[in-house]
Amino acid sequence: MPNVKPSTCSGCPLYDKGRGFVTADGTGTNGVLLLGEAPGATEASQGKPFVGDAGYQLNRTLERTRMKRDDFRIFNTVNCQPPNNWLEGAPWEEDATRHCDQYLYKVVAAMRPKVIVPLGNVALDACLGRKGIEALRGYVYEANVRGHTCYVVPTYHPAFILRGQDNLTGVQIYDLQRAIRMARDGYRQPPYSYVENPSGGDTGRFIDAARSAADRGDWLACDIETPCSGSTLEDDYGEIIDTEILRVSFSYAPHTAITIPWTNRNLAYIQQLLQLPFEYVVFWNADFDVPRLQSKGVTIGPKVLDAMWMWHHLQSDLPKHLGFVSTFFTELPEWKSLSGAFPEFYSCRDADATTQCTLGIKALLEREHRFTSFTRHCLELDPILKTMGRSGVAIDQTKRLAFQAELDNELKAIDQSIQKAVPDNLRPFKSKRSVPSEASPRLPFGDADTGVVWDISNEGEWGVRSPFLYTSPKQVIAYMRSQGHPVPRHHKTQKDTTAKLEIERLAKHYPKDPLYPLILKARKIGTMKSTFVDAYAPKPEGHVDPDGRVRVTLTFAPSTGRLAGQDPNPMNIPKRGDLAKPCRDMFVASPGCRLVELDYKAMQAVIVGYLARDEEFIKAAKLGVHAILASHVLARQRLMPAPINVDAEYAKLPIRAIKSQYPKLYDVCKHVVYLSSFGGTPYRMKVEYPDEFPSVKYAEELQQIYFTTLGRKVRQWQHDTLQLAHRQCYLDSPFGHRHYFWNVFAWDSKRRQLAWGPNAKDALAFLPQAIERCVLTSAIQRVVALDLAKVLRWPIHDSLLIEVSNGDDVIEAVKREMERPVPELDDLSFSVEVSVGTSWGSMTEWRSA
DNA sequence: ACGATCTGCGCT
DNA sequence: AAAGCGCAGATCGT
């Protein structure tokens with residue numbers, strides 16, 4: 001039975017609009033009051049808070065705190081359902097909150113909670129009189145809430161987590177556990193001793209103490225403050241111009257720190273501290289601090305450790321700012337809002353928090369035997385990636401300009417055809433006050449080259465029609481509508497889409513329509529030109545340095561453990577299609593040198609076979625897994641006596657025969673193996689490759705054959721991996737990378753059973769990708785150890801681009817290191833294919849002498 | 001004008 | 001309808 005509003009409830013701004021009325025739920029025996037926002041439809045009709053979707057999410061979180069929901073007291077800030085579930089930022093937010101205060105007052109007075117947990121901004125505002133949940137969450141506040149003094153530990157609203165923020169599930173669990181602990185044990189602000197305005201003697205004493213800390217094996221945390229920490233200016237060569245440093249702070253032990261103003265007199269002290277024999281100097285985001293210190297001539301003696309990366313290695317899916325991370329490893333109260341008022345204290349606290357977080361993160365990594373993997377695969381890799389990025393690859397500007405001109409002409413011609421194919425009324429119209437002087441008496445008139453057309457709008461208004469933009473989804477969709485064609489929808493979001501696949505379908509369905517093929521062609525050429533040709537112009541138009549080389553930034557910041565490249569990204573340069581060769585031809589070897597590309601053969605397939613503990617699959621992957629699946633299919637159809645035996649010496653012969661005799665089946669099998677190992681469905685195969693798969697049923701049959709023959713153990717591995725990811729909420733790679741997955745299985749209400757959830761496929765893709773990266777970077781590190789760093793250019797997931805001057809011995813050495821057995825994978829090895837050329841577009845196979 | 005967000009597309 | 005990555009252009013709000 002829905003609750004009836006109390007008769008005393010009058011004057012509520014939601015009285016006419018609001019529905020239902022919720023009362024507090026749960027016993028509150030653990031001393032924690034969870035305060036939500038306002039009831040939704042389910043809550044309003046049942047009269048209880050958190051019983052709908054957000055309630056389901058909250059219950060799962062509460063379960064993981066190992067407490068019963070009933071042990072908490074659960075209430076809402078506003079007690080009836082606002083229109084459209086809109087409260088935060090609504091015109092009635094303030095009035096409705098104030099009106100419902102009377103009920104919060106009563107609930108607090110009756111329960112006398114030890115801790116209140118505001119869930120989201122509305123509740124936070126009600127408790128602390130301020131908003132900003134993302135900055136304040138996880139911290140402990142002592143506050144007086146409605147006449148009752150207690151702790152307040154803010155956390156996210158469950159509905160926020162449901163809206164695509166499921167990586168924060170674990171954070172919410174942690175926040176609630178902290179609230180429970182505070183209710184049980186109480187909270188005391190930790191004592192601290194910061195040297196905020198040091199005299200020369202103070203600094204000297206700090207340096208002496210730091211020296212003994214270095215001898216004990218402690219680390220030194222360092223943090224600089226600058227006037228504008230956000231913006232950085234760099235000149236053409238990547239050096240920082242503007243670097244004013246205000247102060248530098250240090251800490252070598254929890255709860256202690258010193259902040260040293262940046263003055264000429266203090267410079268020597270700062271330099272002295274950074275030369276003490278510490279094992280590491282620790283920064284939070286060293287890429288900000290270290291270059292600025294160096295640009296001032298300060299040198300850092302010890303190795304640099306970036307604690308932010310250590311955090312990223314520990315848990316890659318969470319925010320990385322120190323204020324967020326410190327809630328997990330310190331008892332410090334929130335301090336990030338104090339930078340303006342108390343700069344000395346703020347800076348000390350930054351250094352102290354860095355020390356405390358570093359110790360906490362290191363302890364966790366060591367407990368899980370992942371600390372050495374961090375030093376090897378992040379710390380030691382970083383300078384290598386920086387060197388590779390700086391080496392650069394030469395761009396042939398003559399070839400680039402020729403290709404650019406060719407694309408430009410083609411694009412102009414296609415655009416003219418596009419303008420002819422589109423009715424005038426579909427062009428963007430912009431009204432103008434006055435008639436242009438060159439207007440002719442006949443309307444509309446315009447310029448066929450530019451597509452600009454003068455016109456009169458419906459209201460008799462003068463205006464100009466600009467060309468139809470094939471790059472604008474909005475205008476393309478308007479065209480589809482105008483032609484009476486069904487507008488395709490994105491399968492997940494259900495939004496209108498103009499994706500390539502959908503336009504290809506429309507082109508097929510309406511073969512007489514002139515526009516669709518033109519759009520496809522123009523997009524292809526347009527992307528090529530803007531992303532891959534214009535971008536390689538000399539600076540400042542493009543990315544190419546005055547010496548003719550393009551330099552990139554390589555990073556391992558992506559949450560998957562893979563590598564990425566930036567400014568520009570060298571990893572997505574076209575490789576297939578007719579434009580790929582002229583595009584790659586722009587990338588050339590320096591005079592007297594050769595570009596060499598070393599590709600791991602079938603790397604992901606071999607890794608999947610390893611993970612599935614399937615020797616046969618590994619052998620099949622190395623021989624050619626697609627052809628071997630094809631042999632299973634042919635054997636079923638009695639076109640072959642038996643599937644290829646991967647142990648047979650002559651196995652390569654029938655593989656070649658299948659490739660040449662059944663090219664279509666070979667392609668089909670390629671798609672089946674590839675998509676199936678990532679959790680792809682037969683439906684997807686049919687949609688993406690309509691020519692190869694005449695029906696979904698055919699794709700289903702082939703996947704069935706795959707999973708019952710060659711891929712039997714792979715199927716089992718997928719099943720086991722998902723179970724493991726679901727049970728522990730994360731997966732670890734053999735190289736120490738961990739990725740969290742919060743929704744591997746989800747409740748399918750249609751089929752009334754657990755089904756693959758939104759993270760299932762991420763979980764299947766994680767290990768092959770994370771392993772692939774570490775196999776390659778380990779090889780790169782060995783190449784560096786051979787003093788061959790200078791030949792390294794770009795890592796591209798499963799291949800490595802290098803540049804060598806003469807002789808084949810360097811190629812041989814790099815190949816050997818890449819093919820070396822990998823101890824982390826039980827000495828699994830991968831074979832490498834080498835191609836060589838003077839340009840990236842004309843590489844030929846290379847064989848060792 | 002400028003930044004934030006969305007859409008589409010290249011690669012593995 | 002495997003995934004995540006970075007980039008360019010369009011759109012929308014300020």
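Order of the sequence lines fixes the chain letters, A, B, ..., with proteins taken first and strands second; residue numbering starts at 1 for each chain.
Taking the six-membered ring wherever Trp is involved, the centroid distance between the rings of A:His485 and A:Tyr516 falls below 6.0 Å.
As judged by a 4.0 angstrom heavy-atom cut-off over every strand, A:Arg523 is placed among residues touching the sugar-phosphate backbone only. Contact annotation for A:Leu469: backbone-only contact, meaning every heavy-atom pair under 4.0 Å involves sugar-phosphate atoms and none involves a base. Residue contacts for A:Ser676: at a heavy-atom cut-off of 4.0 Å it reaches no nucleic acid atom on any strand shown. Residue A:Ser677 is classed as having no contact, given no heavy-atom separation below 4.0 Å to the nucleic acid. Among the protein residues, A:Gly526 comes within range of no part of the nucleic acid, since none of its heavy atoms lies under 4.0 Å from any strand. Within 4.0 Å of A:Phe766, counting heavy atoms only, lies no atom of the nucleic acid at all. At a threshold of 4.0 angstrom between heavy atoms, the contacts of A:Lys500 are confined to the sugar-phosphate backbone, with no base atom among them. Within 4.0 Å (heavy atoms only), A:Ser799 reaches no atom of the nucleic acid at all. Within the nucleic acid shown, A:Lys686 has no heavy atom closer than 4.0 Å to any nucleic acid atom. Nucleic acid contact for A:Gly679: none, since no nucleic acid atom lies under 4.0 Å from a heavy atom of the residue.
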Test side-chain hydrogen bond (donor to acceptor under 3.5 Å, both in side chains) on A:Ser559 and A:Asp317; report intermediate values, then the result. CA-CA 6 Å; A:Ser559 73; A:Asp317 58 339; over 6 Å; no
As a quick check of understanding, evaluate side-chain hydrogen bond (donor to acceptor under 3.5 Å, both in side chains) for A:Thr527 and A:Arg523, giving each step before the final call. CA-CA 6 Å; A:Thr527 303; A:Arg523 273 192 189 168; over 6 Å; no
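You'll find that the side chain of A:Thr498 is closest to B:dG8, out of C:dG9, C:dA3, B:dG8. Taking the side chain of A:Ser472 as heavy atoms from C-beta on, and the options B:dC9, C:dC7, C:dT11, the nearest nucleotide is C:dT11. Side chain of A:Thr560, nearest nucleotide from C:dG4, C:dT11, B:dC9: C:dG4. Nearest nucleotide to the side chain of A:Lys492, out of C:dA3, B:dG10, B:dC11: C:dA3. Considering only the side chain of A:Thr471, C:dG9 comes nearest among B:dG10, B:dC9, C:dG9. For A:Thr531, the listed nucleotide lying nearest its side chain is C:dA8; candidates were B:dC9, C:dA8, C:dT11. Closest to the A:Asp567 side chain, of the nucleotides B:dG8, C:dC7, B:dC11, is C:dC7. Out of C:dC7, B:dG10, B:dT12, the shortest distance to the side chain of A:Asn572 is found at B:dG10. Side-chain proximity of A:His797 to B:dT12, C:dA3, B:dG10: nearest is B:dT12. Residue A:Lys495 places its side chain closer to B:dT7 than to any other of B:dT7, B:dG8, B:dC11.
Cation-pi geometry between A:Arg400 and A:Tyr536 is not satisfied (NZ or CZ under 6.0 Å from the ring centre, within 45° of the ring normal). Both tests hold for A:Arg715 against A:Phe707: distance to the six-membered ring centre under 6.0 Å, angle to the ring axis within 45°.
The nearest whole Å value for the distance from the CE atom in A:Met528 to the C1' atom in B:dG10 is 9 Å. Atom CG in A:Asp534 sits about 9 Å away from atom P in C:dA8, given to the nearest Å.
For the pair A:Ile771/A:His737, no side-chain contact is recorded, criterion being any heavy-atom separation below 4.5 Å from C-beta on.
A sub-4.0 Å separation between OP1 or OP2 of B:dC9 and a side-chain N or O of A:Arg576 is absent.
Within 3.5 Å, no donor on the side chain of A:Asn569 pairs with an acceptor on the base of C:dG6, nor the reverse.
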